[in-house]
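Shown next, in structure tokens, is the structure this report addresses.
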Amino acid sequence: MDLRRALLILPMLSIVVAAQGPTPAANKPTAGSDSRPSDVGRPKSFDLEALDKSIDPCADFFEYACGNWRRANPIPADQSRWGRFNQLTEYNRQVLRDILEKAAANPAKGDPVTSMIGNFYGSCMDEKTVDSKGLAPLKQELKRVDSIRSRTQLMSTIAYLHSQGVAALFNFGSQPDLHNAAMEIAGIVQGGLGLPDRDYYINDDAKSKETREKYLVHMSNMFALLGDDGATAKAEAVTVLEIETRLARAALERVKMRDPKNRDHKMKVAELAALAPNLEFERFFAASSAPPFNDVNVVPPDFFKEVNEALGSVPLQDWKTYLRWHVAHAGAAALSDAFVKENFDFYGRYLAGQKELQPRWKRCVALADNLLGEALGQSYVAETFGVEGKQRMLRMVNALEFSLGEDIDGLSWMTPETKKQAAVKLKAISNKIGYPDKWRDYGSVRITRADFFGNVERARGFEEKRDLNKIGKPLDKSEWGMTPPTVNAYYSPAENDINFPAGILQPPFFDKGVDDAVNFGGIGVVIGHELTHGFDDQGSKFDAEGNLRSWWTEADRAEFDKRTSCVADEYSSFTAIDDLHLNGRLTLGENTADNGGLRIALAALRKEMQADPDGKESQTVDGFTPEQRFFLGFAQVWCENRTPESSRLLVKTDPHSPGRFRTNGTVQNDEDFAKAFGCKAGQPMVSAKACRVW
């Protein structure tokens, strides 16, 4: 698998959490429609009707900007949360559905790429054929697991399962060398869990205990679907939970995994083999589809020491039970209705609070985007973005980079020596806008109309092999970590670049029909956010070439840490739900980027306003000044509702704060916001101890 995600190396603007693939719903076209979705489904860039003017903006700016929107937009039954991101993702999904249905209707008449995505979607939508096969698609993998007779066979089987996208026991893949980012090396990372986080296995609060009980029931039900009797299924579930709990206790918590030094353990393969001899890593690597290699990054070594002990003490039959579970778990969404519903009941309904399973077309579109994204993305880009979109975005990116440079140069707490190094890094940041310059070639992936599970397995296998083949080769900086329709953006420390898929370059983030103030509050803050990631608590530890290297003076780093601690403590004081507070250390990078992005985007807007010859961009519109529209454009991006279950899940697993605190937590630290809305000291949106890094 791509270890960039497993290692938390890509700080992202927003993530989507759902059991059945990415989120969104509502406004869907009728089945079989061949018409393009109308713009009615698109979110507005600046929505006066969303405002709740009964709220004082200086008391709760999120509710002022979003209160009426939140009341008018309850969470759809097939969602666990609903916000402006979700609305745009849903609009994009409708565009993708239209593309896929046309491709599926006449796959033989299309070019190879169109035929591929059409056949994939058609096989997914053929629910009758999928259901008729029942358990049959898993039988080969289950037979392989059942035939294990030794630990050597166990490790060879785990290697095979990894090649099919079943990441049992740990994660294995390529990653940029932390000290030579120009090259890709092998990496293995802690993993092997079925629950979303290690803390679910370890914490003793009532909710964690309940979750473990529900998880046992879910696994028992899945084992029953594999054909086991009730008593056997229950015993097998207990076995899996015991093994996964042992793995969880050995794993580093998420906050520690954020620190690059805890992810920096490069060693020779022979050294790893000596560290964990029971894992027979030399045999495992040889059995994988990876090319030969000598160096591997191990994250963290102590995890693999514990796995080594477990392999020496846990009976082989228990490991076979563990693998059977992970085979079923990984394949559930592509199997018959019974597996899909059982999978949804635990991960969607219980863990995320989603009331209904998404319609099949949504799940099929999401899978096509996930597994064949750069094939599907070609038609999406042609319909929605085009070459001219890149030019409009590059103008804003250049403005934001200039603004961040001025911000760094004007910092009172940073010495000239470190400022010089920061300027070097900023100048070296490259930009990827919209879509890849070269599309990924899926020509080796066999896709047939009558084999949905096989299509999924072969597409996953293709991606696993493609990822492993990067080991030992130069880092390809043209590669994208997101598909073009994705409503998201990211910064990569190893590549020192910012990435903006075409999917996010639309309203409410960017709209060529609105004034600069709104666009700078939307996509401008997104750009600033991603640029700031290069200088957050993680990104600041990588140099201009993407290497893990300190370019700070000791005094400047101490001052930086003091300022980021202010942000961490501030956000830890926010209550997400009931008595559950945010984890300010887990969300530190995103909160730092939000605060920095807002400041540099406003500075860039003011530069644009000064350069406006006729003063049009400085005019009051709809009763709001440009600065007020800037802040409202920013806040309305984060309008959202969440289920209580989703709130609890995301507090434990999401490095992003909820929309309320991405809004209020950011503006309460910004003196320009207070000036724009006339807020006074002592009001909630004016922090008595305002935090500022950038």
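Side-chain contact annotation: Asn398 with Arg395, donor-acceptor N/O pair under 3.5 Å absent. At a cut-off of 3.5 Å, with distance as the only test, a side-chain donor of Arg263 or Gln538 sits close to an acceptor on the other residue. Between the side chains of Asp369 and Thr483, at least one donor-acceptor pair of N or O atoms lies under 3.5 Å. Counted by atom type alone, Asp536 and Thr592 present zero donor-acceptor pairs between their side chains at under 3.5 Å. Using a 3.5 Å distance cut-off with no hydrogens or angles, the side chains of Asp111 and Thr114 do pair a donor with an acceptor.
A salt bridge links Asp177 with Lys266: at least one charged nitrogen is closer than 4.0 Å to a carboxylate oxygen. By the 4.0 Å N-to-carboxylate-O rule, Asp197 lies too far from Lys652 to be salt-bridged with it. Salt-bridge check for Glu280 with Arg283: passed, with a basic side-chain N closer than 4.0 Å to an acidic carboxylate O. Salt-bridge formation is not detected for the pair Arg144/Glu141: no Lys NZ or Arg NE/NH1/NH2 atom is positioned less than 4.0 Å from an Asp or Glu carboxylate oxygen. Ion pairing between Lys432 and Glu495 holds under the 4.0 Å rule for side-chain N and carboxylate O. Under the 4.0 Å criterion applied to side-chain N and carboxylate O atoms, Asp409 and Lys419 are not assigned as salt-bridge partners. Between Arg460 and Glu457 there is no salt bridge, since none of the side-chain N atoms of the basic residue sits less than 4.0 Å from a carboxylate O of the acidic one. Under the 4.0 Å criterion applied to side-chain N and carboxylate O atoms, Asp98 and Lys102 are assigned as salt-bridge partners. Residues Lys425 and Asp543 are not paired through a salt bridge, judged by the lack of any N-O separation under 4.0 Å between the basic side chain and the carboxylate. Under a 4.0 Å N-O distance rule, the pair Asp467/Lys470 qualifies as a salt bridge. Using a 4.0 Å cut-off between charged nitrogen and carboxylate oxygen, Lys541 and Asp259 count as a salt-bridge pair.
Not a single donor-acceptor pair under 3.5 Å links the side chain of Asn370 to the backbone N or O of Ala366. In this structure a side-chain-to-backbone donor-acceptor pair under 3.5 Å is present from Gln506 to Gly503. The main-chain N or O of Pro501 is never found under 3.5 Å from a side-chain atom of Asn488 such that the two would form a donor-acceptor pair. Of the possible donor and acceptor atoms, none in the side chain of Thr486 sits under 3.5 Å from a partner among the backbone N and O of Met482. Judged purely by atom type and a 3.5 angstrom limit, Asn519 uses its side chain to pair as donor or acceptor with the backbone of Asp511.
Atom CD of Gln421 is separated from atom CE of Met414 by 10.5 Å, given to the nearest 0.5 angstrom.
Residues Phe500 and Glu530 meet the side-chain proximity criterion, which asks for heavy atoms closer than 4.5 Å. At least one side-chain heavy atom of Asn297 sits under 4.5 Å from a side-chain heavy atom of Ile185. No side-chain heavy atom of Asp497 sits under 4.5 Å from any side-chain heavy atom of Asn431. Side-chain contact between Arg198 and Arg254 is absent, with no heavy-atom pair separated by less than 4.5 Å. A heavy-atom distance below 4.5 Å is found between the side chains of Leu96 and Tyr380. Residues Met116 and Phe120 fail the side-chain proximity criterion, which asks for heavy atoms closer than 4.5 Å. Residues Phe634 and Arg662 form no side-chain contact, since every pair of their non-hydrogen atoms from C-beta on lies 4.5 Å or further apart. Looking at heavy atoms from C-beta onward, Leu279 lies in side-chain contact with Met155 at the 4.5 angstrom threshold.
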> Given Tyr435 and Glu374, is the side-chain contact (heavy atoms from CB on, under 4.5 Å) satisfied, shown in steps?
Replying inline: CA-CA 9 Å; Tyr435 53 92; Glu374 289 194 20; over 6 Å; no
> Step by step, would you call Asn86 with Glu90 a side-chain contact (heavy atoms from CB on, under 4.5 Å)?
Replying inline: CA-CA 6 Å; Asn86 306 98; Glu90 177 63 15; over 6 Å; no
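Between Tyr442 and Phe462, the ring planes lie tilted relative to each other; the angle falls in the 30° to 60° range. His329 and Tyr347 have tilted rings, their planes meeting at an angle from 30° to 60° on a 0 to 90° scale.
For Asp476, the side chain to side chain donor-acceptor pair (under 3.5 Å) partners at least two apart in sequence or on another chain are Ser478. For Trp552, the ring pair (Phe, Tyr, Trp, His ring centres under 6.0 Å) test picks out Phe560, with sequence neighbours left out. Phe170 meets the ring pair (Phe, Tyr, Trp, His ring centres under 6.0 Å) test with His162, Phe281, Phe284, Phe304; sequence neighbours excluded. Remark: His326 engages Tyr322 in a ring pair (Phe, Tyr, Trp, His ring centres under 6.0 Å) (not counting sequence neighbours). Residues that satisfy the side chain to side chain donor-acceptor pair (under 3.5 Å) test with Asp264, not counting sequence neighbours, are His179. Residues meeting the ring pair (Phe, Tyr, Trp, His ring centres under 6.0 Å) test with Phe293, sequence neighbours left out: Phe285.
Taking the six-membered ring where the residue is Trp, the centroids of Phe85 and Trp638 are separated by under 6.0 Å. Between Tyr490 and His529, the distance separating the two ring centers is not shorter than 6.0 angstrom.
Counted within 6.0 Å of CD on Glu406, heavy atoms from surrounding residues, nucleotides or ligands total more than 12; the atom is thus considered enclosed. For Glu417, the CD atom sits in a loose shell: 12 or fewer heavy atoms of surrounding residues, nucleotides or ligands are nearer than 6.0 Å.
Nearest heavy-atom pair across Asn171 and Gln190 is ND2-O, 3.1 Å.
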